[in-house]
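Here's the structure we're looking at; comments come further down.
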Amino acid sequence: MLAANVDETLEIDREALFQLALRLGDTSLILGHRLSEWAGHAPILDEDIALSNLGLDLIGQARSFLTYAGEVEGRGRDEDQLAYMRNAPEYRNLLMVELPRGDFAFTMVRQFLFSAFQLPFYQQMMQSRDKTLAAIAAKAEKEMAYHLRHSSQWVVRLGDGTKESHERTQNALNSLWTYTGEMFETDASLKALIEAGIYCDPASIRETWNKSVDDVLQQATLTRPETGWMQSGALTGRHSEHLSHLLAEMQSVQRAYPGLKW
Amino acid sequence: MVAEPKIENDNASVELLERARSALGTVCDPEIPVLTIEDLGVLRDVSITENECVHVVITPTYSGCPAMNTISMDIETALNKVGIDKVKVELVLSPAWTTDWMSEEGRQKLLEYGIAPPAKGGTTASLFGKPEIACPQCGSKNTEKLAEFGSTACKALYRCKACLEPFDYFKCL
Ligand SMILES: [Zn+2]
């Protein structure tokens with residue numbers, strides 16, 4: 001399976017590729033789950049539907065990445081086993097996406113900071129020498145354009161809204177800022193995949209991300225926080241306690257009835 | 001994954017392929033039942049592989065499209081009905097589906113059904129412009145967007161300011 005997807009002349013570290021597919025899949029899955037928590041709780045019906053639709057896109061992307069992760073690993077695990085039967089330390093999602101959904105401002109600021117990275121990231125990944133990752137990226141890229149547009153509009157509306165909405169949005173931005181560094185992080189395995197043309201160098205996205213963020217924050221009359229110490233943990237599976245709580249709920253049915261099918 | 005050799009040159013296979021194609025022409029999208037999967041451009045390829053097996057290739061509209069499982073089952077059912085039991089449905093992601101693959105006939109059917117068809121030339125950059133969407137009821141271009149996400153992920157909700165009817169717009173992707 002692997003040979004058909006990746007240029008055969010490349011010496012690929014299977015474990016590194018597995019970890020990358022998990023990083024991408026887990027990040028989409030966990031953020032998709034956080035968005036699904038809004039169903040029935042959003043401030044207006046339109047937004048309830050919008051957040052569910054964004055979540056659906058992310059969970060769709062996660063299914064593709066996790067299916068591929070299972071194929072790369074070669075131990076017969078499918079998307080469901082990877083999503084439902086792993087514990088928090090085995091998850092490779094960005095810490096930003098596991099934080100509780102907070103208020104509507106927090107949810108929208110997170111969606112914006114994430115989508116502003118994900119859109120140019122998938123545009124780069126469409127050139128990946130791994131054909132499966134490139135195909136998933138090409139599909140996801142158009143979806144992320146909608147996510148970025150939708151969340152940008154809300155950040156502007158909330159930031160440049162009432163005193164209350166402005167404060168909440170600025171607070172959300174301040175508390176999420178230290179989690180943005182992780183999107184740009186690499187380690188030895190990721191660096192090897194960048195060398196091999198499989199992963200894109202996140203440093204090449206920094207400028208586009210900065211510009212999107214600055215444009216929207218300016219329109220939203222929000223202040224960009226100072227960049228200092230950044231949170232880190234995704235690459236090693238060091239998570240906040242929030243992930244375990246999320247997994248307990250998300251995995252409860254499969255844990256109680258392993259292998260259950262609808 | 002190595003593709004099995006296609007065998008289409010003998011008469012029996014030609015007949016089988018014809019029968020499969022015409023049966024597949026009846027499979028509709030479960031969420032927009034006026035469109036067939038062919039109209040939508042979801043049906044990518046039909047071929048006959050070894051042992052007279054019909055190999056159907058489909059592609060999802062959105063990554064999370066919940067209709068794909070139903071479509072796969074509907075494909076098998078439609079083929080079973082015309083006596084074809086050996087069926088393999090394959091889901092491919094690449095090349096990524098775009099609304100530009102929707103047939104002219106499909107666009108016309110959507111319009112008659114009351115859904116504004118997608119603007120042509122769906123690139124990521126075009127999403128940030130403001131396409132003129134004509135009302136499917138009266139044709140007026142004096143319309144406004146009410147919600148980015150409508151009844152399904154692929155539709156937005158609009159309202160016509162001329163005849164005041166709300167309507168779905170099939171978003172370009
Ligand atoms: Zn009208």
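This structure is a prediction, so every number in the text was calculated from the model and none was measured. Just so it is clear: chains get the letters A, B, ... in the order the sequence lines come, proteins before strands, and each one is counted from 1.
Minimum heavy-atom separation, A:Met250 to A:Ala83: CE-O, 3.6 Å.
Counting heavy-atom pairs under 4.5 Å between each of A:Gly55, A:Ala140, A:Ala50 and chain B puts A:Ala50 at the top. With chain B as partner, the option from A:Lys139, A:His150, A:Gln61, A:Gln153 having the largest number of non-hydrogen pairs under 4.5 angstrom is A:Lys139.
Using a 4.5 Å cut-off between heavy atoms, A:Ile44 makes no contact with chain B at all. Of the two parts of B:Pro60, the backbone and the side chain both hold a non-hydrogen atom closer than 4.5 Å to a non-hydrogen atom of chain A. Both the backbone and the side chain of A:Leu56 come within contact range of chain B, with heavy atoms under 4.5 Å apart. Contacts of B:Leu146 with chain A are made by backbone atoms alone, with heavy-atom separations under 4.5 Å and no side-chain atom involved. Contacts between A:Glu47 and chain B at a heavy-atom distance below 4.5 Å are absent for every atom of the residue.
A salt bridge links B:Lys141 with B:Glu132: the distance from a Lys NZ or Arg NE/NH1/NH2 to an Asp or Glu carboxylate oxygen falls below 4.0 Å. Taking the charged nitrogens against the carboxylate oxygens, A:Lys211 and A:Glu207 have no contact shorter than 4.0 Å, which rules out a salt bridge. Comment: A:Asp103 engages A:Arg168 in a salt bridge, judged by a side-chain N to carboxylate O separation of less than 4.0 angstrom.
Just one residue in the list B:Leu40, B:Asp39, B:Ile32 forms a side chain to side chain contact (heavy atoms under 4.5 Å, CB included) with B:Thr36, and that residue is B:Asp39.
A search for salt bridge (Lys or Arg N to Asp or Glu O under 4.0 Å) contacts involving B:Lys145 returns B:Glu148, not counting sequence neighbours.
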